[in-house]
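Take a look at the structure set out below.
Chain naming here is simple, since letters A, B, ... match the order of the sequence lines and numbering starts at 1 in each.
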There are 2 protein chains.
Amino acid sequence: MTVSTRPRGRPKKVTLEEIADAALALLDREGLDAVSFRRVAGELGVSHMTLYSYLDSKEALLDAMVGRALEVPELTDPHGNWADSLREVLVEIHDALVARPGVAQLILTQSLDGPWVLAIRDRLLALLRPNGFTRAQAVDAISVVVNYVLGTALVEASRGSGASPKAFGLGLDLLIDGLRRGR
Amino acid sequence: MTVSTRPRGRPKKVTLEEIADAALALLDREGLDAVSFRRVAGELGVSHMTLYSYLDSKEALLDAMVGRALEVPELTDPHGNWADSLREVLVEIHDALVARPGVAQLILTQSLDGPWVLAIRDRLLALLRPNGFTRAQAVDAISVVVNYVLGTALVEASRGSGASPKAFGLGLDLLIDGLRRGR
DNA sequence: ACCTGAACACCGTTCAAGT
DNA sequence: ACCTGAACACCGTTCAAGT
């Protein structure tokens with residue numbers, strides 16, 4: 001008793017996910033300049049105009065790529081140890097961006113204030129609020145650490161992943177210790 | 001006895017400085033996408049091909065714009081108070097980028113590791129070294145604060161200069177105090 | 001050396017048309 | 001609804017030619 005979930009009518013040639021994935025593959029392989037409607041469509045074997053059935057503009061494509069490439073990290077905070085949870089999430093974000101410089105470049109030109117960054121801020125707010133931070137303190141604290149993580153990740157991604165990845169952890173500890181103390 | 005410093009031959013129609021300034025005006029007015037060889041040349045009343053007499057490529061134009069727009073701050077350190085001098089310079093950099101979002105965008109896409117950032121790192125190194133930092137400590141410390149300042153300035157410049165400029169100073173104090181303590 | 005227009009190989013996007 | 005090619009208004013860059 002298999003229930004058909006196949007949509008009526010002629011099957012689509014592509015899906016939005018396939019478009020985003022093809023664009024991300026191109027980004028990883030050849031950098032942001034290679035990501036064009038024509039190139040992406042070529043990878044998928046469709047006309048470049050087909051993409052306009054799924055996306056309003058190139059900006060929409062870049063947004064879809066960010067949404068597809070980056071998960072918003074879960075925040076479990078199992079031991080109620082907010083400082084450790086905070087550190088863990090920030091390291092996770094940092095590592096994800098450094099490991100994929102093309103995606104970092106994408107964030108950078110596209111959405112330093114997009115939904116992905118907003119979602120992260122929200123999760124961190126939920127983490128800090130029950131731990132002795134007023135709302136205003138938490139908002140400021142989140143700005144400080146998020147900006148630090150983004151800045152470090154973008155700088156590291158923009159050079160050949162050159163210098164001192166351990167300096168990142170050092171600064172992160174200074175910030176988190178300072179926040180705990182000043183709470 | 002005026003000595004003529006005027007060069008021989010037909011006078012040039014433009015100078016490299018005029019090209020960079022016209023491009024920066026365009027950047028401030030209409031954003032990075034408006035900065036093209038054709039638009040800049042149009043502003044100056046010359047053929048777009050004339051720019052190739054002064055610049056090898058568009059990348060060279062963007063580099064020239066950064067060099068023209070941003071001074072590398074002086075570092076006097078008059079009272080030998082390195083922490084205050086450090087803070088002052090970092091605030092200066094932050095404010096310069098936030099005040100001119102187009103230039104921040106330029107840094108971002110072009111030269112997060114360009115000569116301007118390198119020069120700043122050098123000056124900060126000269127500031128920290130005589131104040132109880134080993135070379136390795138100083139290099140890490142500079143990475144931390146520079147990445148923080150760039151991250152904050154880029155995020156603030158990318159939104160409509162929206163949220164909490166005071167959070168910047170808060171994080172900066174946490175970092176500098178932590179560095180002093182851990183030195 | 002400096003300046004130029006034509007041409008080439010690309011873009012994103014609009015339009016009109018096909019299924 | 002989904003897909004398409006032609007066309008438009010742009011790019012950066014190469015080339016050949018002018019002064």
Can you pull the salt bridge (Lys or Arg N to Asp or Glu O under 4.0 Å) pairs that have at least one residue in [range], sequence neighbours excluded?
| range | value |
| --- | --- |
| residues 100-111 of chain B | B:D28-B:R100 |
| residues 54-64 of chain B | none |
| residues 29-38 of chain A | A:R29-A:E43, A:E30-A:R39 |
| residues 124-133 of chain A | none |

Looking at B:D177 and B:R180, is any side-chain nitrogen of the basic one under 4.0 Å from a carboxylate oxygen of the acidic one?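 Yes, B:R180 and B:D177 are salt-bridged.
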The side chain of A:K12 lies closest to which of these nucleotides: D:dT4, D:dC15, D:dC2?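 Out of D:dT4, D:dC15, D:dC2, the nucleotide with an atom closest to A:K12's side chain is D:dC2.
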When you get a sec, tell me which of D:dC2, C:dC2, C:dT4 is the closest nucleotide to the side chain of B:K13?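 It is C:dT4.
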Applying ring pair (Phe, Tyr, Trp, His ring centres under 6.0 Å), which residue pairs with at least one partner in residues 15-41 of chain A are found, sequence neighbours left out?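 Qualifying pairs, neighbours excluded: A:F37-A:Y52.
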Within residues 80-101 of chain A or reaching into it, pairs that qualify as ring pair (Phe, Tyr, Trp, His ring centres under 6.0 Å) - sequence neighbours excluded: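 Only A:W82-A:F133, A:H94-A:F168 qualify under ring pair (Phe, Tyr, Trp, His ring centres under 6.0 Å).
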Report the stems of DNA chain C as range-with-range entries sorted by first number; a stem here is at least three consecutive pairs, Watson-Crick or G-U wobble, both distances under 3.5 Å, and write none if there are none.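 For DNA chain C the paired stretches long enough to count as stems (3 pairs minimum) are C:4-8 with D:12-16, C:12-16 with D:4-8.
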Tell me every residue that passes side-chain contact (heavy atoms from CB on, under 4.5 Å) with A:E17, counting only those two or more places apart in sequence or in another chain.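 With sequence neighbours excluded, A:E17 shows a side-chain contact (heavy atoms from CB on, under 4.5 Å) to A:T15, A:R68, given in chain and number order.
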Nucleotide [N], atom [atom2] - distance to [atom1] of [X] in whole Å:
| X | N | atom1 | atom2 | result |
| --- | --- | --- | --- | --- |
| A:Y54 | D:dA1 | OH | P | 13 Å |
| B:I19 | C:dC3 | CD1 | C1' | 12 Å |
| A:L51 | C:dT14 | CG | P | 14 Å |
| B:M49 | D:dC15 | CE | C1' | 9 Å |
| B:L55 | C:dC3 | CG | C1' | 14 Å |

Does the protein touch nucleotides 7-12 of chain C at the base, only the backbone, or not at all? Give it as B, S and - per nucleotide, heavy atoms under 4.0 Å. B---BB
Reckon A:T50 has a side-chain N or O less than 4.0 Å from the OP1 or OP2 of D:dC2?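 Result: no.
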Contact under 4.0 Å: A:S53 side-chain N or O vs D:dA1 OP1/OP2: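 No, because none of the side-chain N or O atoms of A:S53 sits under 4.0 Å from OP1 or OP2 of D:dA1.
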For A:V46, is there any backbone N or O sitting under 3.5 Å from a side-chain donor or acceptor partner on A:T50?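 No, the answer is negative, given that no donor and acceptor are paired below the 3.5 Å cut-off.
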